[in-house]
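For reference, the structure is listed below as structure tokens.
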Number of protein chains: 2
Amino acid sequence: MKKTVFIFGALVLALLTLFKLSKYSFVSGNTSIEFILAAIAIIFFVIGVMINRKVLHKNKTSGKEIDHKKIKQLGLSKREYEVLCEIALGLSNKEIADKLFVSESTIKTHVSNILVKLDAKRRTQAIQIAKELKIIPF
Amino acid sequence: MKKTVFIFGALVLALLTLFKLSKYSFVSGNTSIEFILAAIAIIFFVIGVMINRKVLHKNKTSGKEIDHKKIKQLGLSKREYEVLCEIALGLSNKEIADKLFVSESTIKTHVSNILVKLDAKRRTQAIQIAKELKIIPF
DNA sequence: TAAGATTTCATACTTTAGTATGAGTAGTTT
DNA sequence: AAACTACTCATACTAAAGTATGAAATCTTA
């Protein structure tokens, strides 16, 4: 955000300078008017691109950001959320167990708790619900 | 695409007109130079916004549109693709069978074929792979 | 410190998922 | 017509997923 302020500030300054330059050149007649016009055109073109990127970037990230509040509301613990993410990656209970260095029965316990908290009957349904609730990155 | 051509064409024409106007006003001294500068600034600002929107719009839609070619490349049949979508919705084999008015064993056959064609070990992995291949809407 | 939550694990069980095999039907293409 | 593909179904089996219960260790919080 600080970067944005600096960049836009610099652009505004450059603009004002160009406006003053245009008047001086209008009086002196040295600098060509086309150069001033081109410079202003380029600067505002860049500003347009940047503003648009900022706006669309927010829409993009907001659609992908994780709703951490909802995770707590559901009562999902750290470990359970970890397991949920691995499920969404398509791993089996055994694979998750190996990845997190615990036994398969531990994962089964976590999965059962996850299904209850997400009100899902299967792990595939849990994935779908988690996506709708925006608590997993997809 | 046609709209884009028309809009950009109109913008270019407006620009050229402004450039000529700037020269006339330069001679006659009637129109203020600030007006010309402001007009060019606005026009290029709009152009910048529009171009950026076009570019980002392509990235956005391409990230959501289904790659029908890849479905054929994988050899997935109509029915298999239907089943794949239902799997992604979190339905069980029995639920899919009831929804499509066929027996559960039929669904099992389809699922097995899907897993082979997607090179997946489980249905959850099939969902993940299908998402990466952009053949299911998510 | 006591209460509560989290994480871990096991055992036994039921259910669902997935594989392998074979086979019948319908539609399409050669 | 014969070959091919897609869709259907069944049976029998193995593997994975999920449930229920109990229990122990750790960690946090009142």
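Just so we're on the same page: letters track the sequence lines, and every chain starts at 1. Note: hydrogens, waters and symmetry copies are ignored here, and every other heavy atom, side chains too, is used. Only a predicted model underlies this, so the values are computations on that prediction, with no experimental measurement involved.
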With S103(B) via side chain to side chain contact (heavy atoms under 4.5 Å, CB included) - residues at least two apart: S105(B), T106(B)

L115(A): partners by side chain to side chain contact (heavy atoms under 4.5 Å, CB included), with sequence neighbours left out: V111(A), A120(A), A126(A)

Return the residues of residues 95-119 of chain A meeting this criterion: a heavy atom under 4.0 Å from some atom of DNA chain D. Order them by number, or give none. K108(A), V111(A), S112(A), L115(A)

Residues from residues 82-93 of chain A lying under 4.0 Å of DNA chain D - heavy atoms: S92(A), N93(A)

Please state whether the phosphate of dG18(D), meaning OP1 or OP2, lies under 4.0 angstrom from any side-chain nitrogen or oxygen of R122(A). no

Where I135(B) and Y81(B) come nearest, the two heavy atoms and their spacing: O-OH, 2.7 Å

If I compare all heavy atoms of I87(B) with all of T124(A), which pair ends up nearest, and what's the gap? O-CB, 4.1 Å

Per side chain to side chain contact (heavy atoms under 4.5 Å, CB included), L133(B) is matched among D67(B), L118(B), I66(B) by L118(B)

Listed partners of [X] passing side-chain hydrogen bond (donor to acceptor under 3.5 Å, both in side chains), at least two apart:
X: E80(A); result: S77(A), K117(A)
X: E82(A); result: R79(A)
X: K94(B); result: D98(B)
X: K72(A); result: none

Treating R122(A) as the side-chain partner and G90(B) as the backbone partner, does any N or O pair qualify as donor plus acceptor under 3.5 Å? yes

Sidechain N-carboxylate O distance under 4.0 Å for K70(A), E132(A): no

Please work out which residues in residues 70-80 of chain B have a non-hydrogen atom less than 4.0 Å from an atom of DNA chain C and list them by number. none

Could I get a table of every N or O pair under 3.5 Å where one atom is in the protein and the other is in nucleotides 27-30 of chain C?
none

List, with names and distances, any nitrogen or oxygen atoms from the protein found under 3.5 Å away from nitrogen or oxygen atoms belonging to nucleotides 23-27 of chain D.
none

Contacts satisfying salt bridge (Lys or Arg N to Asp or Glu O under 4.0 Å) that involve residues 99-110 of chain A (not counting sequence neighbours) are E86(A)-K99(A)

Working to the nearest 0.5 angstrom, can you tell me the gap between H68(B) NE2 and L76(B) CG? 13.0 Å

To the nearest 0.5 Å, what is the distance between NZ on K69(A) and CD1 on I71(A)? 12.0 Å

How long is the line joining OH of Y81(A) and C1' of dT7(C), in whole Å? 19 Å

How many Å lie between CZ on R123(A) and P on dT16(C), as a whole number? 15 Å

Side chains of I127(A) and L84(A) in contact at under 4.5 Å (non-hydrogen atoms): no

